[in-house]
Student: 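Let me begin by handing over the structure; questions about it come next.
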Amino acid sequence: MPSAGQATGPARNFGPRRLELIRGDLTGQQVDAIVNAANSSLMGGGGVDGAIHRAGGPAILQACRRIVEAKGPLPAGQAVITVAGRLPARHVIHTVGPRWRGGDGGEAETLDRCYRSSLALAAEKGLSSVAFPSISTGAYGYPVEQAALVAVRAVADMLRAGSPLRLVRFVLFSEADFDAYRRALASLPD
Ligand code: AR6
């Protein structure tokens with residue numbers, strides 16, 4: 001798996017900050033934090049959530065349980081941070097994407113908030129590198145072409161606005177997802 005510093009795929013630089021795309025498995029990423037596409041219970045699930053808990057072990061679930069006991073379920077669009085257990089990443093940021101309901105229910109705004117709140121939390125914790133999956137485009141059914149635009153724009157906006165993050169990487173599981181994100185990245189204005 002690529003480490004945080006390597007040039008690995010299509011990328012855009014915003015001053016010293018880099019946004020890049022790779023095809024691969026999020027759980028193998030050696031970054032300060034990987035972001036989990038969780039559900040509000042924070043108790044695990046399928047997809048990338050299941051893969052993260054399987055690979056990271058029980059420490060992640062224990063930390064999630066403490067958060068839910070203290071604060072209740074995590075609303076869509078918000079983010080929390082835990083340990084990463086046995087994962088090569090140092091932390092896991094858990095966020096909850098919107099379920100796709102046709103696009104008129106504020107899905108794009110909620111998805112945008114997932115990326116922004118995850119990056120804001122990473123910055124608050126002094127982290128430098130973050131890797132995201134394609135939030136909401138699996139079990140939650142968000143069309144990937146549209147989700148990719150929201151995702152790439154939200155991250156580019158945060159990096160342009162001077163986020164202290166140095167590297168944000170999207171780790172796309174399928175060729176089709178990777179192509180959608182590549183097109184979204186190419187569509188960004190200079
Ligand atoms: N690395 C990178 N991407 C992955 C991996 C992986 N190891 N595994 C799957 N993906 P999903 P959602 C991709 O369903 O739509 C869970 O049950 C996958 O191909 O994981 O936000 C939660 O508990 C897809 O492109 O997340 C929630 O209940 C993307 O990750 C619900 O699913 C997101 O798919 C959240 O649904």
Side-chain angles (χ1 to χ4, degrees), residues 1-4 8-10 19-31 33-58 60-61 63-65 67-68 73-80 82 84-89 91-103 105-118 129-152 154-155 167-185:
M1 274 297 147
S3 68
T8 46
L19 165 53
E20 69 180 27
L21 314 180
I22 64 164
R23 238 198 107 179
D25 183 344
L26 186 70
T27 61
Q29 298 296 306
Q30 289 177 5
V31 286
I34 61 170
V35 178
N36 183 15
N39 60 67
S40 291
S41 79
L42 295 183
M43 290 298 107
V48 72
D49 192 6
I52 287 170
H53 282 282
R54 267 196 308 280
I60 302 175
L61 195 61
C64 285
R65 193 166 283 127
I67 290 170
V68 174
L74 184 67
Q78 295 186 19
V80 295
T82 67
R86 297 190 294 260
L87 293 171
H91 304 274
V92 178
I93 293 173
H94 306 260
T95 190
V96 180
R99 289 174 192 271
W100 182 255
R101 293 198 166 89
E107 292 95 325
E109 291 76 11
T110 304
L111 188 60
D112 177 81
R113 280 210 308 283
C114 286
Y115 288 100
R116 290 175 192 269
S117 51
S118 296
S129 55
V130 172
F132 283 101
S134 177
I135 297 165
S136 280
T137 63
Y140 282 180
Y142 205 122
V144 68
E145 258 343 287
Q146 294 176 54
L149 280 171
V150 172
V152 163
V155 172
L167 173 69
V168 178
R169 178 182 291 155
F170 284 98
V171 181
L172 291 323
F173 213 43
S174 72
E175 191 67 36
D177 290 353
F178 182 70
D179 285 344
Y181 277 72
R182 187 160 49 192
R183 282 190 291 274
L185 189 68

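Positions are given from 1, in the same order as the sequence printed here. Ligands are counted one by one from 1 in listed order, and the atoms in each one are counted from 1 as well.
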Student: With a 3.5 Å distance limit and no angle check, can you tell me whether Ser136 reaches the backbone of Pro98 through a side-chain donor-acceptor pair?
Tutor: yes
Student: Okay, side chain of Ser129, backbone of Leu167: is any donor-acceptor separation there less than 3.5 Å?
Tutor: no
Student: Would Gly97 count as a contact residue for ligand 1, given that I'm defining contact as a non-hydrogen atom of the residue lying under 4.0 Å from a ligand atom?
Tutor: no
Student: Of all the atoms in ligand 1, which lie at a distance below 4.0 Å from a heavy atom belonging to Ala37?
Tutor: 21 (O), 22 (C), 26 (O), 35 (C)
Student: What do you reckon, does Gly141 have a nitrogen or oxygen under 3.5 Å from a nitrogen or oxygen of ligand 1?
Tutor: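 So ligand 1 has no N or O lying under 3.5 Å from an N or O of Gly141.
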Student: For ligand 1 and Ser134, I'd like to know whether there is a polar contact (N/O to N/O, distance under 3.5 Å).
Tutor: no
Student: For Val96 and Gln78, what are the C-alpha separation, side-chain angles and deciding distance, and is it a side chain to side chain contact (heavy atoms under 4.5 Å, CB included)?
Tutor: CA-CA 7 Å; Val96 180; Gln78 295 186 19; over 6 Å; no
Student: Check whether any side-chain heavy atom of Leu149 sits under 4.5 Å from a side-chain heavy atom of Arg183, and report yes or no.
Tutor: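 Sidechains of Arg183 and Leu149: no contact.
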Student: Can you report which non-hydrogen protein atom sits closest to atom 24 (C) of ligand 1, along with the distance?
Tutor: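 Ranking protein heavy atoms by distance from atom 24 (C) of ligand 1, first comes Thr137 OG1, 3.8 Å.
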Student: Among all protein heavy atoms, pick out the one at the shortest distance from atom 1 (N) of ligand 1; state its residue, atom name and that distance to 0.1 Å.
Tutor: Leu26 N, 2.9 Å
Student: Counting each atom of ligand 1 from 1 as listed, which ones have a heavy atom of Gly45 under 4.0 Å away?
Tutor: 17 (O), 23 (O)
Student: What protein heavy atom lies closest to atom 21 (O) of ligand 1? Include the residue and the distance to one decimal.
Tutor: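 Of the protein heavy atoms, Ser136 N, 2.8 Å lies nearest.
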Student: Could you check atom 14 (O) of ligand 1 against the protein and tell me its nearest heavy-atom contact, residue, atom and distance included?
Tutor: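 Here the nearest protein heavy atom works out to Ala139 N, 2.8 Å.
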Student: With Thr27 as reference, evaluate Val171, Ile52, Asn36 under the side chain to side chain contact (heavy atoms under 4.5 Å, CB included) test and give the passing residue.
Tutor: Ile52
Student: Check this for me - ligand 1, Ala51, N or O atoms closer than 3.5 angstrom, yes or no?
Tutor: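 Checking ligand 1 against Ala51, no N or O pair falls under 3.5 Å apart.
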Student: Which atoms of ligand 1 have any heavy atom of Val171 under 4.0 Å away?
Tutor: 2 (C)
Student: Which residue and atom name correspond to the protein heavy atom nearest atom 4 (C) of ligand 1, and how close is it?
Tutor: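 In this structure, atom 4 (C) of ligand 1 has Phe173 CG, 3.5 Å as its nearest protein heavy atom.
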Student: If you count the non-hydrogen atoms of other residues, nucleotides and ligands that lie under 6.0 Å from CZ in Arg99, is the total more than 12?
Tutor: no
Student: Can you name the atoms of ligand 1, numbered from 1 with element, that are less than 4.0 Å from a heavy atom of Gly46?
Tutor: 16 (C), 17 (O)
Student: I need the full list of side chain to side chain donor-acceptor pair (under 3.5 Å) pairs touching residues 105-115, with sequence neighbours left out, sorted by first then second residue.
Tutor: Asp112-Arg116
Student: If I take atom CD from residue Glu20 and atom OH from residue Tyr181, how far apart are they, to the nearest 0.5 angstrom?
Tutor: 15.0 Å
Student: Starting from the C-alpha separation in whole Å, work towards a yes-or-no answer on side chain to side chain contact (heavy atoms under 4.5 Å, CB included) for Phe132 and Phe170.
Tutor: CA-CA 5 Å; Phe132 283 101; Phe170 284 98; 3.8 Å; yes
Student: Report the distance from atom OG1 of Thr82 to atom CZ of Arg65, rounding to the nearest 0.5 Å.
Tutor: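 Thr82 OG1 to Arg65 CZ: 12.5 Å, rounded to 0.5 Å.
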Student: Mind checking whether Val48 has an N or O less than 3.5 Å away from an N or O of ligand 1?
Tutor: yes
Student: Report the C-alpha separation of Val130 and Arg169 in whole Å, then their side-chain angles, then the decisive distance to 0.1 Å, and conclude whether the side chain to side chain contact (heavy atoms under 4.5 Å, CB included) test is met.
Tutor: CA-CA 6 Å; Val130 172; Arg169 178 182 291 155; over 6 Å; no
Student: Any side-chain to backbone donor/acceptor pair from Ser134 onto Thr137? Under 3.5 Å, distance only.
Tutor: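 Not at all, since once roles are kept as given, no pair shorter than 3.5 Å links the two residues.
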Student: Show, in sequence, the C-alpha distance, side-chain angles and deciding distance for Ile93 and Val80, and conclude whether the side chain to side chain contact (heavy atoms under 4.5 Å, CB included) test is met.
Tutor: CA-CA 6 Å; Ile93 293 173; Val80 295; over 6 Å; no
Student: Closest by any non-hydrogen atom to atom 23 (O) of ligand 1: pick that one out of Asp49, Ile135, Ile22.
Tutor: Asp49
Student: Tell me: protein heavy atom nearest atom 28 (O) of ligand 1, and distance?
Tutor: Asn39 ND2, 3.2 Å
Student: Enumerate the atoms of ligand 1 whose separation from the nearest heavy atom of Asp177 is less than 4.0 angstrom.
Tutor: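 Listed by number with element, the hits are 25 (O).
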Student: Does any N or O of ligand 1 fall below 3.5 Å from an N or O anywhere on Gly47, backbone included?
Tutor: no
Student: Atom 31 (C) of ligand 1: protein heavy atom closer than 4.0 Å?
Tutor: yes
Student: Tell me which protein heavy atom sits closest to atom 15 (O) of ligand 1, plus the residue, atom name and distance to 0.1 Å.
Tutor: Gly138 N, 2.8 Å
Student: Distance under 4.0 Å to a non-hydrogen atom of Asp25: what atoms of ligand 1 satisfy this?
Tutor: 1 (N), 6 (C), 7 (N)
